[in-house]
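The block underneath contains the structure these notes are about, expressed in structure tokens.
Below, chain A is the first sequence line, B the second, and so on; all start at residue 1. Quick caveat, the model's predicted, so the values are computed rather than measured.
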Amino acid sequence: MIKLIGLVPLFPLIGFLINGFIGKKLSKGVSGAIGSFSILASFVVSLLIFIELNGSAQKSHVVDLFSWISSGNLQVPFSFLVDPLSALFLLIITGIGFLIHVYSVGYMHEDEGFSRFFTYLNLFVFFMLLLVLGNNYLIMFVGWEGVGLCSYLLIGFWFKNTAYNNAAKKAFVINRIGDLGFLLGIILIFFTFNTISYGEVFKLANTGIAAQGTITAIALLLFIGAMGKSAQIPLYTWLPDAMAGPTPVSALIHAATMVTAGIYMIVRSNIFYSMSDVASETVAVVGAATALFAATIGMVQTDIKKVLAYSTVSQLGLMFLALGAGAYSSAVFHVATHAFFKALLFLGAGSVIHAMGGEQDIRKMGALKKALPVTFFTMAIGTIAISGIPPFSGFFSKDEILAHVYEENKLLWFIGSVTSMLTAFYMFRMFYLTFFGKFRGTHEQEHHLHESPKSMTVPLIVLAILAALGGVMGLPEFWGTHNWIADYLSPLIYRKNPSILSHETEWVLMGLAVAAAAVSIYTAYNVYRKNNILPAAKEEDMGGAERFVYHKYKVDEFYEAVITKPLNLISEAFYKFFDLKIVDGIVNGTGQAVNWFSELIRKLQTGNIGFYILAMVAGIVAILFTSLF
Amino acid sequence: MLLNIPLTQYLFYFLSFVALLCGLMVVFSKNPVHSVLYLVLTFFAIAGHYILLNAQFLAIVHIVVYAGAIMVLFLFVIMLLNLNHDSEPHKNMLLKGAAVLAGGLLLMVLTGSLKGAETLAMHQPLNTQVGLIKNLGTVLFKDFLFPFEISSILLLGAMVGAVMIGKKEIK
Amino acid sequence: MLTGLLIIFPLIAAILVFLTKGKTARNAALVLSVLEFIISLLVFYQFKHNPGAKELLLNCTWIESLGIKFAVGIDGISLLMVMLTTFLVPLIILSSYKNEYDKPNSFYGLILLMQMALVGVFIANDGFLFYIFWELALIPIYFICLLWGGEDRGRITFKFFVYTLLGSLFMLVGLVFLYQHTGGATGIKSWALNDLYAAGKNLSLYQQSFVFWSIFVAFAIKMPIFPFHTWQPDTYVTAPTQGTMLLSGIMLKMGTFGLIKWLMPIVPLALAKWGNTAMMMSVFGIIYASCIAIAQKDYKRLIAYSSIAHVGLIAAGILAFNQQGLQGAVIQMLGHGVNVVGLFLIADILFRHTGTRNIDSLGGIRNVNPQFAVLFLIVLLGSVALPLTNGFVGEFLLISGIYKYGAWTAAIAGLSVILGAVYMLRSYQNIMLGEVKTSTAGFGELAKSDKAVLIIVCAAIIAFGVYPKPLNDVTEPAVKALLENLK
Amino acid sequence: MKGLFIVSGLGILAMLAEIFKFKKLVYPLVLIGLIAAYAVNFTEWNFDWSQGNPYPLFANMIRFDNPALAFSGVILAVAFFWFIFANDYFKNETNITDHFALVLFTLTGALMLTAYQNMVTLFLGIEIMSIPLYVLAASRKNDMSSNEAGFKYLIMGSFATGFLLFGIALVYGATGTFDISLISAKIAAAHGALPIFCYAGILLMLVAMCFKVSAAPFHFWAPDVYQGSPTVITAFMSTIVKTAAFAAFMRLFLFGFGPAHDKWATGLSVIIALSLVISNITAAAQTSVKRMLAYSSISHAAFMLMAILANNGDMSVPPILYYTFAYSIGSITAFAILYAISKSEGHDGFDAFNGLGKRNPLIAACMVIAMLSLAGIPITAGFFAKYYIFTTLMATTYKWLLILAVLTSAVGVYYYFKVIIAMYFKSSAKSEAVAFDSTTTALVVITSLLTLAIGFVPNFIIDMLR
Amino acid sequence: MNNILLQSSIQVIPINWYILLSAALFTIGALGVMFRRNAIIIFMCIELMLNAVNLLLVAFSSFHSDAAGQVFVFFIMAVAAAEVAVGLAILTMIYRNVKSIDIDLLGNLKN
């Protein structure tokens, strides 16, 4: 079965081609079915491979397809690698991908770009699978950029809207900044190890043939790539804007899969980070900063998807914090659980938006509990999971991360803990404002409120189950239970730090985390449920600090002022002044100088014989004089 | 003292003086007819030089051709065109100054290049007979036969040209 | 002999086309150029199976007393350039089907004549022959631009002509200088490529520097790289679309090709001394042109500047002069050739359908013609070097090559990846996305010929992005030989 | 040698035609005569002058050795083309026979200049060539421009002759002979120990020759004379006369004063540089095509001088030979077209060519070839000519001149292309074709094809003298 | 007396003096050409220049005892005559047209 790994990306590709070429001629049902079932097929194959891999002793299988790029000793085969990490990601991608496809059949039913949507979505899955399946960095880069493209296409799916298009463009460009770092990292890897295939690179790196500085450089360059794709400071600003895309897109790409590519990449390259303290510390600090920063912004957002988006950024920051602390399997664990509950939350939000007729402002919602029971129930599970309440999945993964961070650095642990507190607070804030209290929308909306169709609710339910139970993958070892995921990934982790925490400390930490979450939830309950305090309806009503945070600390404005505007100014200056006036001016000036000179010399030809003869004699004298004396 | 210097030398100085003076007068006299006459004088002075240089035949030819033919032609044209009055407007002073300057420089450079002429050895023994008609004839019709013949083309060309130009255009 | 045919056939074709009248001209030109493509396929086949075959070489005496021979030959690099030429010319001809040109026979005849010169440049093995073809390529394109160009064409094409001619005259001086130093021991001077290589290596640093700059300037102007580029945007804008395609798609490659084959291996010492300066010019040009492209409103001008940026990257890759840089350059030359033809065709289509090329007054075409939007997008992705398009393979190798030369240089050169995305996506958004405007409402369907060209271009973009191996295989030995030569 | 006799005989025959009333026959006779002269010319090819002597040697006054024959060949061939082009001129002029005679005498002088071996023959050759030319330049008697041209040419020409003679006298004084091969031997033997006035003499002759080939700063006469003279005569001057002047220049300085190269080279290099700059730059500002061609001829002169400057002995001859031929046929094409156009449009400005691309496509194409050739664009003859000069000069220390030549060539392209742009880019009020008679058309096409042919296969001419 | 005259001047006068004299005459001629506007006088000045050359040639001829120099002078005379003939013909033609022989009036062809 592993030999047939090519099938996994092939199915979505076929789906993409069918929908892309003849999707318009197909009915929506057929088109949706092709899209969904191609993913399902992939999922099935992935599952089989996963099982086979678990059963076999050899944990890493390379499947060569063809030689892609070859230039001297730079050999880049198009080959796939099946190992625990990629197999796990395959499952997440195809599994959640399938659910979201199914969900989309319902969600996008009224949209005229229905088949186009599935085309893009299938293409996305194809690239995402390439990303995780590739056996070398360049294949990963192919998927990396490919998913960026799909993200671009899907964010700007409703292409008539200029704001959406801008968001899409922003996402692509910012990702490209990261991609450049990634690309340079790959090139550095190549020139350091003369290969870019994972196995060989890691083996060579482990022997320590590369200088420490080089390793750090590689790690940092790769991390730049990760920062772009996984929306870390300073390249995170595209992700909240990316909510312009249809909600299933937000769920699949901007929450569950694509944005975790950075984590995948670092886990893949964990050896570099283990070898370089500078790099891993950078990762941890950036992760922690992002986590806290995004969480604070999430506190005051009023758009349901924006709340979730900042929460995503924040959670991703948490994962990077884990990576920086060397807790690679914990990060992957959190990727998985986050995929479950964040996809769930987004889809739930989608269901809400669907019911509200497109309304996304939580200030205009409220009391949706009754009208949307399934949505309410499943979202409740998601919210609890993300807040870190046991025994839901988020609790285990987050706790594992925090414990590891505590080992490494107390300050970062503190930041991580504060972030979880804030997370619990704003998630419940959103939850209460959406489902409880009074309905604050228009009459018309109230009239139309309805639970979503089966195609949407079934995926919600499935995801809710996963979000609730996903924790079993990584039960804490100090409970005496088996941490499956840590074991599962251990062949990939080159340098492991044995845990030094005592069980007592771990219990205390866990207790603290749960208590903190509970306090947050209670506060949220108090404010938004019990006292029914609404966020300010208008910006003018907000306090100065709140408004500043509401405007995301004006980071976009800052970037605009520091990067975009100067770039445009430089462009204009280069063009209007430097190019047209100076460079071209010199060229044209030469021509004009010739003309001017020409008019001048022309005057010498006076027509007067006396002058001609005089000039001739002068010439003779000059030549005789210079040549003879 | 005086006798130590051969008469030839006196003659040379005298003729040179005349030639140069008349030459200058050609340039500076206002009336074209005067110029012609001065030029004739110059030619005579030069003819004198020829004789001093033992080129007697040439001296005679010189007088005949230049003073006798060419200068007469000049005079003829001057009379024909009725130019025998000094009506010539002056060149602008700048150009005149430049002309004098250029002329002076030319002279300077030419004389400057005389340096080293002393090294040139005179042909010994000196043959005083080269300028005699017999000698010249031999050279002209032996060595210089081709130029001699071909100069007929030159004269023919000049003749045809002068006639063609001189003819009144038939309209 | 096959190579000889490659040169002669377009000449015959050009004469035949000159003799036709009216619309038959373009059909004849198309058929003949396709035949030429088939010939080049034969050459490719021969080369693949028997690279040393006699059919691929031609070595006739021409001006024997001056050591000038009519010598042509094929190596991997020139083969690809020839393939590019023969592949693009039919496309260019096909793309003109919707444009009504008067005197079509002259128009197409000149295109075919140009093809001859271009092929000649790429396969010449003799310095003099190379120069002749080099100059010869200039004349048809000058007339194409002058006779069928747009506004202010007299001045602009003239500037183009003088500028490039001046460059090539300097090249002639450099080549003649080299020629004078050939034949060391035997004293028999020769223009043969290998003799020039040998002659170049024996020169002193001072002499090599002279040769380097005199020849480099010619190539730099042709490509063009900063600061020799100012003829280019105006010319691209003014020239008829087919002229622009020839200029940017193929003719530009003469410069980069020349750099690879006719300059770098000749002057190793000068390269060590001046390579940095040239590299800085190229790299600065990338950023400079990209920035300027951002400020452009006229779509054709935007592509023109983007082309300067791309070619700056190619030049930088060549100047790095290592396996990856050179191979990347060759592949990117192909990629750029195909992409830019696509882009200029798109500009032409836009202009034909809406009457404007100002991207601000366009918009929403995707609503009207989604198919065009998709084709456009693919071409655009190729030009921003998305993986699995032809642009990526080249760009990756190029940046690798430059990286070997200098990490920071590569980082700066790599900025083109980002800036390219900025201006390309901005133009795409302004032209295709958003609400329909009055100018674009009546956009309508694409003409069959346009669609065919775009589809072929897109297919090529994807095909060579996914499977560039044949290109790599062909270039690798040639590049290795060049690098060997330098040692 | 026989060619010289035939041509001079033809001249005399033409004179007689007036008297014996066979005016009508003169034109065909001349053409036949030229062909005969051309043919006869080459029977003397590779004649071994050291062996027996079927021709009188004239005391080494004149020697039709291979270079001389080659240049004579060029002159005769171009003269043939010129006569075809000028047929219209000979039809209209009243004094046909005189014109024929004068032209043929000039031709005689030109042929002499290719072969002289002695200062006397040099001097006579120059004068035989020049004096009828003065007349021809002034031959449009009621046209003030023509008068002025003739007069300017005459005055300046005689003035230059004065310098030439003074130079000859000085050289004679220093070496005691007029024979250029003996002079050469003497100079070589002296190793620079000759009196300075000898070198002054050489320089004065250099100046005089530069005057004849119109190199700056002795070029002032050329544009005025070229413009004022009848177009046909201008064509004659800029092709045949120029070729002859170069043949003479080359013979004198390569074979005569070659050993004193170090004394005159610096001066010549300055003259070349000045010519390049002044001619090209001034030409760029011209509005009259004819005058532009005059300036362009100065720049071509500068190019040919480069080969002389290189002083490669025999090796310098083929480049000049090739250049003169390439330049001459290019000029003949251009002048033939210009002549017809200025006759039909009434002026010779650039605007006269407006719209010619549409009006007379064939003629316009030929003009393009001529302009490309003059501008030195491959694969025309003009390119190869320039290239050949480049290679010759590249072996010397005067490489800086090449850079200057390249830069000024670019300027040169500007004014040649002004014609092309006018033909194809500018539109004319008139749309009907300019009348070209069939002989002119045929001539123009043949010379254009020849331009391309010898540009592509220059072997014949350059290998001629090996 | 006879004895003195028979002694060629070249034997007592250094050749330098002749060159100097010729140069001076030549320069005077050249000066005249530059200095005057009257075309006829300009012609005469040119004749003066040619005569300077003649004198020089004859001097050198004697100096070298070589007749060729003197023969050369004949040719110069012939040419001078021819030149003058043609020149004066052109001059009269011009005079016929403009009623002047002022060369500064001939300035239509310029630039």
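- Put simply, of B/Leu155, B/Asp143, B/Val163, the one with the most heavy-atom pairs under 4.5 Å next to chain D is B/Asp143.
- Below 30°, between 30° and 60°, or above 60°: for B/Tyr50 and B/His62 the angle between ring planes is above 60°, a perpendicular geometry.
- For D/Phe159 and D/Phe163, the ring centers are positioned less than 6.0 Å apart.
- With a 4.5 angstrom heavy-atom cutoff, D/Ile12 touches chain B only via side-chain atoms.
- Interface remark: D/Phe123 contributes no atoms to any contact with chain B (heavy atom separation under 4.5 Å).
- Residue with the most contacts toward chain B among D/Tyr134, D/Phe197, D/Tyr199: D/Phe197 (heavy-atom pairs, distance under 4.5 Å).
- Per-residue counts of heavy-atom pairs under 4.5 Å with chain D were compared for B/Leu110, B/Ile150, B/Leu145; the largest is that of B/Ile150.
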As a quick check of understanding, evaluate side-chain contact (heavy atoms from CB on, under 4.5 Å) for D/Asp65 and D/Arg251, giving each step before the final call.
CA-CA 11 Å; D/Asp65 49 10; D/Arg251 231 172 150 75; 3.2 Å; yes

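- Under a cut-off of 6.0 angstrom, the local environment of CD1 in B/Ile133 is sparse, with at most 12 non-hydrogen atoms contributed by other residues, nucleotides or ligands.
- A donor-acceptor contact shorter than 3.5 Å links the side chain of B/Ser35 to the backbone of B/Val26.
- Going from atom CZ of B/Phe146 over to atom OG1 of D/Thr121 covers 7.0 Å, rounded to the nearest 0.5 Å.
- Within the 4.5 angstrom heavy-atom criterion, only side-chain atoms of D/Leu204, from C-beta onward, approach chain B.
- With a 4.5 Å cut-off on non-hydrogen atoms, D/Leu136 does not touch chain B at all.
- Heavy-atom distances place the side chain of D/Met112, and not its backbone, under 4.5 Å from chain B.
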